[in-house]
There are 2 protein chains.
Amino acid sequence: MTTHGGASPSLIDVARAAGVSTATAGRALGGYGQVSERTRERVLAAAAELGYRPNGLARSMITGSTHTIGVVVADVANPFFATALSGITDVAQPAGFEVLLANTGGALAAEQRAVSVMSEKRVDGMIVAAAQPGEGTHLKHAMEAGVPVVLIDRQVSGVPEADSITIDNEHAAAEAVAHLLELGHRRIGVITEAGDQLARLRAGTRRRGLFPSAVRLRGYVRALDAAGVEVDEALVAPARYERGSAYDALLSLLDLADPPTAVLCTDNVLASGAYRAAQDRGLRMPEELSLIGFDDEPWTTLVRPELTIVEQPTYDLGARAGRQLLDHIEGERAGRAPQHIQLKAKLVARESTARPVAVR
Amino acid sequence: MTTHGGASPSLIDVARAAGVSTATAGRALGGYGQVSERTRERVLAAAAELGYRPNGLARSMITGSTHTIGVVVADVANPFFATALSGITDVAQPAGFEVLLANTGGALAAEQRAVSVMSEKRVDGMIVAAAQPGEGTHLKHAMEAGVPVVLIDRQVSGVPEADSITIDNEHAAAEAVAHLLELGHRRIGVITEAGDQLARLRAGTRRRGLFPSAVRLRGYVRALDAAGVEVDEALVAPARYERGSAYDALLSLLDLADPPTAVLCTDNVLASGAYRAAQDRGLRMPEELSLIGFDDEPWTTLVRPELTIVEQPTYDLGARAGRQLLDHIEGERAGRAPQHIQLKAKLVARESTARPVAVR
DNA sequence: CTGAAAGCGCTTACAG
DNA sequence: CTGAAAGCGCTTACAG
């Protein structure tokens, strides 16, 4: 039976009902220390009778561990983060850790607040996909307070001590472009959220503090450079993270005097907008245009032609981050140097890419 | 400056540094009680100096509130749950509540464990999409312990006191079928996860304890009944929650001696499998087959023909549940009867449905 | 194996 | 406005 009304029963109530001290009752229920079988049974019976639920807050305050990890992402509704999150929970929960989730909408202020609140709630560690790769002082503070942090999807400048699990985005984009080059394309366009950073990328060598989209753009440039194909700025079409914006971007590429014969879209939202634009223009793919997207979403094999894509190991990204963080929490990695793991993406060639037609 | 090494500073350290009692330091930092401006400044300065972070566990133990709500779903990677979850976080976070997430994989045992752990962590309330609508004693226990529970997506038998926010699935499916009937279809098939429950549904009147798929199947039956069209069991094709299974289900419907001219798929995974099967069969849609799916996913407007769908207010489902739970937590609904809100789904007619061809 | 006591880090009456 | 003391519900040495 459970007690109704009144406050929920505490260890004192159980101890009293079982005729033992709270220390003994705690040992019997908590599975620590030594208790005789006879006593244990009495305590368990009393606890069941009263509908006792241990208070995790009190326990955590003493043990110093909440068995909770914080996860901070920009948007859970985004399949990328949702999938990574499921990788995290699949690792954390069997290990006895719950997940405290914060959705920041990509706003730095929200992220700072979330990290701060999680620190106050005394999470045992945090996994964060940072909103601004350039700003990491809030993460640095958390680490200084003893909360291990694992970065996913993007590195952050100012927090070199944090482990990171990222996709090798530069290589992923380069491989996609190499695929197009092999097919014989020379006019290769790219639709990217980092359109404004072309100049900086070509100069700099920075690795941290860059958005994945910028790193992918660098891969595009690198692959062209390697093949001796000149990078034409007109072929770099900027777009916002929206289908409509990518739609317009593709149309503007097609309207060029010397339009591309192939286009790389640096994420799946941009790809869906571009795909749609190509359809609406009545372009035959892959004959008149080769198209490559990112992420193996369901729609990419439902459309005709099926879309050639770069497949990111998203679930694995989350699972690895979870494992890494648990190792930290359990002290497995004490004192070791931070690890920066790069996962490889995989090109999946399907129907939307082919040799360019000889004559346009 | 922050303190390095050693334990993180407590209120005692701050109080000592500021030359006041812990009570006063607490008042200055916690924003409760009265403190003189001068004292407040001294305390704040000391706290900043020491890098003080209040311990939320200690605070929660006293105040009795963790400002955390638990959310239990079967699969965060599923767009339906991911979207509902974002509705929840968007409501909870601005109100100062964090979300503790549990991913059960649809297993009842995992759900029971999650609910139990959340109770121990003293969440202020829970939102749960139950794995088994027929089994709710663990939820009943939580409510008896004073933790308000709001059910989403499905009602659960044995927990009538819990609020619920669901989609009016019966109406949603009925409307889809009515659309097909209006177009002139009489042989209307359905691909459903609840294929085995047809007989039970036609007899019973139970509302709780049913999976959404079963309720949708009932809507299908009801719409046909209302139109005086006989329900042909051969047109009810069972499938598992997988694209491949739905693929096979559509093919088996098409292979019938008297095949359907239209098919309703009761969720979006089934719809994608069926769509693919129709394509591979070389069927022209909507001329040779009309098809309706559930959920407005990106792919449904990327394929040709665009898919006619029933659009569920998924984000709103989550947001409403969040609001409802916060009202409970804040005592707004104390003593009132439980609310069972049904949200309406909306039929979005696109290109995959049309009049059946007169002669087959 | 068991218990009395201290203590985790706060907030809350209660005095002053 | 400020402080001394009690207490939230546990776990952990320390004795026995």
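Below, each value reflects all heavy atoms present in this structure, side chains not excepted, and no hydrogens, waters or symmetry copies. For clarity, every value in this text was computed on a predicted model and none was experimentally measured. Convention: sequence-line order gives letters A, B, ...; per-chain numbering from 1.
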Pick the nucleotide of DNA chain D nearest each of B:V20 and B:R122; which residue has the one closer to the 5' end?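 By nearest-heavy-atom nucleotide position, the 5'-most residue is B:V20.
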Dump every N/O contact between nucleotides 5-8 of chain D and the protein below 3.5 Å, one line per pair.
none

In chain order, what residues pass the side chain to side chain contact (heavy atoms under 4.5 Å, CB included) check against A:A131, with sequence neighbours excluded? A:E111
My understanding is that only residues two or more places apart in sequence, or in another chain, count here; which of them pass side chain to side chain contact (heavy atoms under 4.5 Å, CB included) with A:I62? none
Suppose we screen for ring pair (Phe, Tyr, Trp, His ring centres under 6.0 Å). Which residues come up paired with A:F97, at least two apart in sequence or across chains?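 For A:F97 the ring pair (Phe, Tyr, Trp, His ring centres under 6.0 Å) partners, ignoring immediate neighbours, are A:H67.
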Between D:dC10, D:dG3, C:dT11, spot the one nearest the side chain of A:L11, thanks.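 Among D:dC10, D:dG3, C:dT11, the one nearest the side chain of A:L11 is D:dC10.
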Report the nucleotide, chosen from D:dT11, C:dT2, C:dT12, that has the shortest atom-to-atom distance to any side-chain atom of B:T63. C:dT12
For [N] and [X] - does any side-chain N or O of the residue sit under 4.0 Å from the phosphate oxygens OP1/OP2?
X     : N      : value
B:Y32 : C:dT12 : no
B:R59 : C:dC10 : no
A:S21 : C:dG3  : yes

Check DNA chain C against residues 33-43 of chain A and give the residues with a non-hydrogen atom under 4.0 Å, in numerical order.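 Listed by number, they are A:Q34, A:V35, A:S36, A:T39.
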So, do B:T66 and B:D124 sit near enough that their side-chain heavy atoms are less than 4.5 Å apart? yes
Is the side chain of A:Q93 donor-acceptor paired with the backbone N or O of B:N103 at a distance under 3.5 Å, no angle test? yes
Between B:Q339, B:H328, B:R320, which is the residue that forms a side-chain hydrogen bond (donor to acceptor under 3.5 Å, both in side chains) with B:D163?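 Exactly one option meets the side-chain hydrogen bond (donor to acceptor under 3.5 Å, both in side chains) with B:D163, and it is B:H328.
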So what does the secondary structure string of DNA chain D come out as, 5' to 3', with Watson-Crick or wobble pairs under 3.5 angstrom, [ ] for crossing and | for pairs with another strand? |||.||||||||.|||
Near A:R113 CZ, under 6.0 Å, is it more than 12 heavy atoms from other residues, nucleotides or ligands?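 Atom CZ in A:R113 is crowded, with more than 12 foreign heavy atoms closer than 6.0 Å.
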